[in-house]
Amino acid sequence: MFHIHCPYCDEYREEEEFHPRGQAHLARPATPDTTTDDEWGGYLFFRDNERGIHHELWVHSVGCRKFFNITRNTATYEIHETYKMGERPSVTAENLPDSQHQSGVQAATSGWQTVGARPESASLNQEEQV
Amino acid sequence: MSNIQEFDCRPDSQQGAESSLHWSYQNQKPRSPGQNPGVQIREHALLGHLTLRGGAIVLDEAVRDVLGTTLPSRPHAINQNDAGTHSIQWISPDEWLVIVPGGEEFSIEAQLRKALGDAHFSIVNVSGGQTVLTLSGEKALEVLMKSTSYDVHPLAFPVGKGVTTTFGKATAIIRRPAEDHWELVIRRSFADYIYRWLLDASAEYGVTTS
């Protein structure tokens, strides 16, 4: 179980008190009348699926019931920081040192992206030529 | 005065009033294990509970005038008046729980509304929705440790603190208004479950109920 710091309660609580609510910092189109269907679709349905640093919206549902943001590494599950609604993250994928950014993120080589599923022979990895 | 229709939902006569644990009392026989029980469970039935929401600065003065205590501004703090009858607890940055003796909640609600005037706030009478259990005895801490994932060690949980957290498979507000006992504010719908959970958890230490 994780201990997650709630920025409103200002203390660490058990993970079971929290619920994730998806990607954070989604800005609603400012001018709905002139927004294209494509932009609406992107806003409503399409979410990032980051491997590495990801900013997420969480709610302290058993507790103060406030929403807040978590910056989290989706590969290592490390929580870098939590911050209140309306604040900007201090840790982002851009400003994190390269070594930390890469930690736990397995770079895809030779087409295999599944962790621990490296083939015994490289020839098995070739796509069949039809 | 805000433009809100108020009504007193407490009947004039307390005859027939049933606490949230009425059903449990019929189904669980009272426990009295003789001398030296480790845990005492006692219900404070039919108290007045008010949920107060709004900005801290707006509410503070009205609360001081009406309740005789300041609004707790630190997270998880509980303030009580000198007699200990009226308490106000921090629930979230814009929400507080006021617990007053049964029957006073309607007049206190009206006084708060009057003091707050046209400010942006909300008061909801939740007296029927929750009840208060007191846990005391030398093994009360052990029972809490079995029941919640929150750290209830006296160093982490000093007197005057109260938190909303998980309790068993339900949720409860755990409070420590005084050195010698703990309070649980439990929801009506969880009351029977939590009561039976407490009886079960404290059975090994010996438990009395009243």
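Residue numbers begin at 1 in each chain, while the letters A, B, ... track the order of the sequences. The figures here come from the full heavy-atom set of this structure, side chains too, leaving out hydrogens, waters and symmetry mates.
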Table up the donor-acceptor pairs between chain B and chain A that sit under 3.5 Å, atom names plus distance.
unit_1: B:H76; atom_1: NE2; unit_2: A:R13; atom_2: NH2; d: 2.9
unit_1: B:D94; atom_1: OD1; unit_2: A:K66; atom_2: NZ; d: 3.1
unit_1: B:D94; atom_1: OD2; unit_2: A:K66; atom_2: NZ; d: 3.1
unit_1: B:E95; atom_1: OE1; unit_2: A:R65; atom_2: NH2; d: 3.0
unit_1: B:E95; atom_1: OE2; unit_2: A:R65; atom_2: NH2; d: 2.9
unit_1: B:S149; atom_1: OG; unit_2: A:E16; atom_2: OE2; d: 3.3
unit_1: B:Y150; atom_1: OH; unit_2: A:E11; atom_2: OE1; d: 3.2
unit_1: B:Y150; atom_1: OH; unit_2: A:E11; atom_2: OE2; d: 2.5
unit_1: B:K161; atom_1: NZ; unit_2: A:E11; atom_2: OE1; d: 3.4
unit_1: B:T164; atom_1: O; unit_2: A:R13; atom_2: NH1; d: 3.1
unit_1: B:T165; atom_1: OG1; unit_2: A:E17; atom_2: OE2; d: 2.5

>> Atom CG of residue position B:D82 - does it have more than 12 heavy atoms of other residues, nucleotides or ligands inside 6.0 Å?
In response: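 Atom CG in B:D82 is not crowded, with 12 or fewer foreign heavy atoms closer than 6.0 Å.
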>> Please find the pair of heavy atoms, one from B:P75 and one from A:C9, that lie closest to each other, and give the distance.
In response: CB-O, 3.6 Å
